[in-house]
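What follows is a set of notes on a single structure, which appears directly below.
Because the structure is predicted, anything quoted here is derived from the model rather than measured. The first residue of the sequence shown is numbered 1, and numbering continues consecutively from there.
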Amino acid sequence: MPKVKVKRTNPSLDMTPMVDLFFLLVTFFMLTATARPDEAVIVDTPSSASEIKIPDTNVITITVDKNDRVFFGVDGQQTKAALLDKMAGKYGVSFTEEEKKTFSLLSNFGVPVNQLKSYLAMESDARKEVNQPGIPIDSTRNELGDWVLQTRLTNPQVVIAIKGDQDVSYPTIKRVMDILQERKVNRFNLITDMEMKPTN
């Protein structure tokens, strides 16, 4: 008696659920990702094996580039707006609401207070192209110390991080650390590149 052959059918896969899942994941990652803010200067940080991470919020970032220019940044739009009001009162400068809004959107800056008004009046593309002189840190015009002090008075939970270029001069970094210690800041973080730990 001959065998009965079972008719084979090619399985068909419906790809619709997989495509839907793919687009849901892409949409999720696009909506939850945060854009990296534009920085006033790019620094090449030295490497280290430290695994301590700085917090995501309430951080003052003091950036020092290879030309020894100092830049200041703090997160939080409300903190920045209140900080600008305090610095305006201290230095006798007035800022409009539009300038305050522009300042609250900056990630960091490196201009003296007396040039800040003209810096904020520039278009955003022009601000990226301008060569910022850096925040004064000398003993006669220690504006960095005032920015740090007023920020800490505005938001006492802030953590301070120094992000220095690997080619920055030692006296500049020492001066920044001395300014922090003059303002009673004895704990701060140094931002470095991660390096693989040596295995024994």
Side-chain angles (χ1 to χ4, degrees), residues 6-66 69-84 97-111 119-132 135 147-148 151-152 154-168 187-200:
V6 178
K7 187 177 179 184
R8 290 189 178 180
T9 59
N10 291 332
S12 65
L13 293 175
D14 187 13
M15 297 296 286
T16 306
M18 189 182 303
V19 172
D20 288 345
L21 180 63
F22 171 75
F23 281 111
L24 282 173
L25 287 173
V26 167
T27 305
F28 171 76
F29 288 123
M30 284 174 47
L31 294 176
T32 58
T34 56
R36 185 175 176 187
D38 290 335
E39 295 186 10
V41 67
I42 305 297
V43 295
D44 184 18
T45 55
S47 54
S48 75
S50 175
E51 294 182 358
I52 299 171
K53 293 185 178 180
I54 60 170
D56 294 331
T57 58
N58 296 328
V59 179
I60 295 174
T61 306
I62 300 170
T63 307
V64 187
D65 74 348
K66 62 184 175 184
R69 296 179 302 166
V70 178
F71 297 81
F72 181 86
V74 65
D75 59 346
Q77 291 184 5
Q78 293 174 341
T79 302
K80 290 179 200 175
L83 172 62
L84 188 62
E97 289 302 319
E98 187 63 33
E99 289 169 338
K100 291 177 186 177
K101 183 178 178 185
T102 303
F103 182 79
S104 69
L105 298 175
L106 293 177
S107 60
N108 59 5
F109 64 96
V111 294
Y119 178 72
L120 294 174
M122 295 179 183
E123 295 292 327
S124 61
D125 293 335
R127 277 197 300 270
K128 292 177 189 174
E129 299 298 324
V130 73
N131 188 12
Q132 300 180 47
I135 295 174
W147 282 108
V148 170
T151 306
R152 293 182 73 213
T154 304
N155 183 0
Q157 285 89 23
V158 291
V159 174
I160 299 176
I162 300 173
K163 183 178 182 180
D165 194 277
Q166 64 183 359
D167 296 327
V168 71
R187 295 188 66 176
F188 47 84
N189 299 299
L190 298 174
I191 299 175
T192 57
D193 284 336
M194 283 294 293
E195 187 179 82
M196 293 294 292
K197 273 190 167 179
T199 56
N200 295 338

* Structure fact -> Residues passing the side chain to side chain contact (heavy atoms under 4.5 Å, CB included) test with S124, sequence neighbours excluded, are R127
Donor-acceptor pairs under 3.5 angstrom involving side-chain atoms of residues 21-33: please list them, not counting sequence neighbours.
from, atom 1, to, atom 2, distance (Å)
T27, OG1, F23, O, 2.7
T32, OG1, F28, O, 2.8

* Quick one: CG on L106 to CD on Q77, what's the gap to the nearest 0.5 Å? -> 10.5 Å
* Could you list the residues that satisfy side chain to side chain contact (heavy atoms under 4.5 Å, CB included) with D56, not counting sequence neighbours? => none
* Least distance between heavy atoms, T154 atom then A82 atom -> CG2-CB, 3.7 Å
* Measure across K101 and S104 and return the closest heavy-atom pair with its distance rounded to 0.1 Å. => O-OG, 2.7 Å
* **Non-hydrogen atoms of F71 and I135 that approach each other most closely** => C-CD1, 4.3 Å
* Reported CD1-to-CG distance for the pair I60 and L83, which is rounded to 0.5 angstrom -> 8.0 Å
* **Reported CD-to-CG distance for the pair Q132 and N108, which is rounded to 0.5 angstrom** => 7.5 Å
* **Check: R152 and I160 side chains under 4.5 Å, non-hydrogen atoms** => yes
* Could you list the residues that satisfy side chain to side chain donor-acceptor pair (under 3.5 Å) with N131, not counting sequence neighbours? => R69
* **Any residue meeting side chain to side chain contact (heavy atoms under 4.5 Å, CB included) with T61, in chain and number order, not counting sequence neighbours** => V59, T63, K163, I191
* To do: List the steps and the verdict of side-chain contact (heavy atoms from CB on, under 4.5 Å) for V130 and V111.
  => CA-CA 10 Å; V130 73; V111 294; over 6 Å; no
* Asked: Which residues satisfy the side chain to side chain donor-acceptor pair (under 3.5 Å) test with K128, sequence neighbours excluded?
  -> D38
* All side chain to side chain donor-acceptor pair (under 3.5 Å) counterparts of Q166, not counting sequence neighbours -> D44
* Asked: What pairs with F109 under ring-ring contact (aromatic ring centres under 6.0 Å, His included), at least two apart in sequence or on another chain?
  -> F103, W147
* **Beyond-backbone contact of F188 with I62, side-chain heavy atoms, under 4.5 angstrom** => no
* Asked: Looking at residues at least two apart in the chain, or sitting in another chain, which of them share a side chain to side chain donor-acceptor pair (under 3.5 Å) with N58?
  -> N155
* Structure fact -> By side chain to side chain contact (heavy atoms under 4.5 Å, CB included), E97 pairs with (sequence neighbours left out) K100
